[in-house]
Amino acid sequence: QVQLVESGGGSVQAGGSLRLSCAASADTYNNYYMAWFRQAPGKEREGVALIYTGGGDTTYVDSVKGRFTISRDNAKNTLYLQMSSLKPEDTAMYHCAADFRPKYGTTWYYPGQYKYWGQGTQVTVSS
């Protein structure tokens with residue numbers, strides 16, 4: 001069983017930055033593939049970024065490439081999402097997700113590929 005708790009959300013103006021954190025309670029945290037998803041009102045949940053177990057490999061959805069950076073600290077059981085150059089369209093509830101199964105190709109993008117989820121942290125970007 002893995003429990004995930006996000007923090008760091010808030011309200012910022014366009015062009016601003018935020019850093020999200022996701023604290024995980026798991027004995028074998030470093031064995032889990034970790035991802036950030038977001039869901040805006042009236043829209044489906046979409047994958048934002050994935051980081052592999054060792055932290056060396058990452059994948060991003062095109063809309064955030066060059067602006068967001070996903071990272072993990074396996075010693076602290078914590079996942080991060082550094083968000084810069086924020087846009088109003090980044091406004092959403094951001095969730096972290098964990099799963100021990102390997103993610104190949106574009107499978108990482110789909111919420112059904114993750115067993116564990118946090119409750120989310122709200123990010124609001126005003127123009």
For [X] versus [Y], what's the shortest heavy-atom pair and its separation?
X	Y	value
Ser21	Thr78	CB-CG2, 4.3 Å
Arg45	Pro111	O-CG, 3.9 Å
Pro88	Ala14	CD-CB, 4.1 Å

- Item | From CA spacing to verdict: side-chain contact (heavy atoms from CB on, under 4.5 Å), Arg67, Asp90 | CA-CA 11 Å; Arg67 300 188 299 121; Asp90 294 317; 2.8 Å; yes
Quick one: pull up [atom1] in [X] and [atom2] in [Y] and give me the separation to the nearest 0.5 Å.
X	Y	atom1	atom2	value
Leu79	Ser71	CG	OG	7.0 Å
Gln13	Ser126	CD	OG	5.0 Å
Gln113	Trp108	CD	CH2	12.0 Å
Thr121	Met93	OG1	CE	7.5 Å

- Task: Can you sort out the partners of Lys115 under side-chain contact (heavy atoms from CB on, under 4.5 Å), two or more places apart, ordered by chain and number?
- Result: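 Lys115 satisfies side-chain contact (heavy atoms from CB on, under 4.5 Å) with Asp99 only.
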- What pairs with Val12 under side-chain contact (heavy atoms from CB on, under 4.5 Å), at least two apart in sequence or on another chain?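 In terms of side-chain contact (heavy atoms from CB on, under 4.5 Å), with neighbours along the sequence ignored, Val12 is linked to Leu18, Leu86, Val125.
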- Do Leu4 and Met34 have side chains that get closer than 4.5 Å, going by heavy atoms?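 In contact.
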Per-pair distances, 0.1 Å, donor-acceptor, side chain in residues 48-62, under 3.5 Å, sequence neighbours excluded:
unit_1: Tyr52; atom_1: OH; unit_2: Lys103; atom_2: O; d: 3.3
unit_1: Tyr60; atom_1: OH; unit_2: Ile70; atom_2: N; d: 2.9
unit_1: Asp62; atom_1: OD1; unit_2: Lys65; atom_2: NZ; d: 2.9

Any donor-acceptor N/O pair, [X] side chain to [Y] backbone, under 3.5 Å:
X	Y	answer
Thr91	Glu89	no
Glu6	Leu20	no
Ser17	Ser84	no

- Can you run down the side chain to side chain donor-acceptor pair (under 3.5 Å) pairs that involve residues 25-35, sequence neighbours left out, and say none if there aren't any?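 Found none.
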- Can you check side-chain contact (heavy atoms from CB on, under 4.5 Å) on Tyr94 and Gln39, steps first, answer last? CA-CA 7 Å; Tyr94 282 71; Gln39 188 166 18; over 6 Å; no
- Query: More than 12 foreign heavy atoms under 6.0 Å from CD of Gln122: is that the case here?
  - Reply: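 More than 12 heavy atoms, drawn from other residues, nucleotides or ligands, come within 6.0 Å of this atom.
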- Considering residues at least two apart in sequence or located in another chain, which fulfil the salt bridge (Lys or Arg N to Asp or Glu O under 4.0 Å) criterion with Glu46?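 Applying salt bridge (Lys or Arg N to Asp or Glu O under 4.0 Å) to Glu46 gives Arg38.
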- Arg72 NZ/CZ over Tyr80 ring centroid, <6.0 Å and within 45° of normal: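 Not flagged: Arg72 not positioned over aromatic ring of Tyr80.
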- Query: Restricting to pairs with a member in residues 54-127, which pass disulfide (SG to SG under 2.5 Å), not counting sequence neighbours?
  - Reply: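 Every disulfide (SG to SG under 2.5 Å) pair that includes a residue of residues 54-127, provided the two are not neighbours, is Cys22-Cys96.
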- Task: For side-chain contact (heavy atoms from CB on, under 4.5 Å), just list the numbers for Met83 and Thr69, CA-CA rounded to whole Å, side-chain angles, deciding distance to a tenth of an Å, and then say yes or no.
- Result: CA-CA 7 Å; Met83 304 185 295; Thr69 301; over 6 Å; no
- Phe37-Trp117 aromatic ring centre distance below 6.0 Å: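 Yes, ring centres under 6.0 Å apart.
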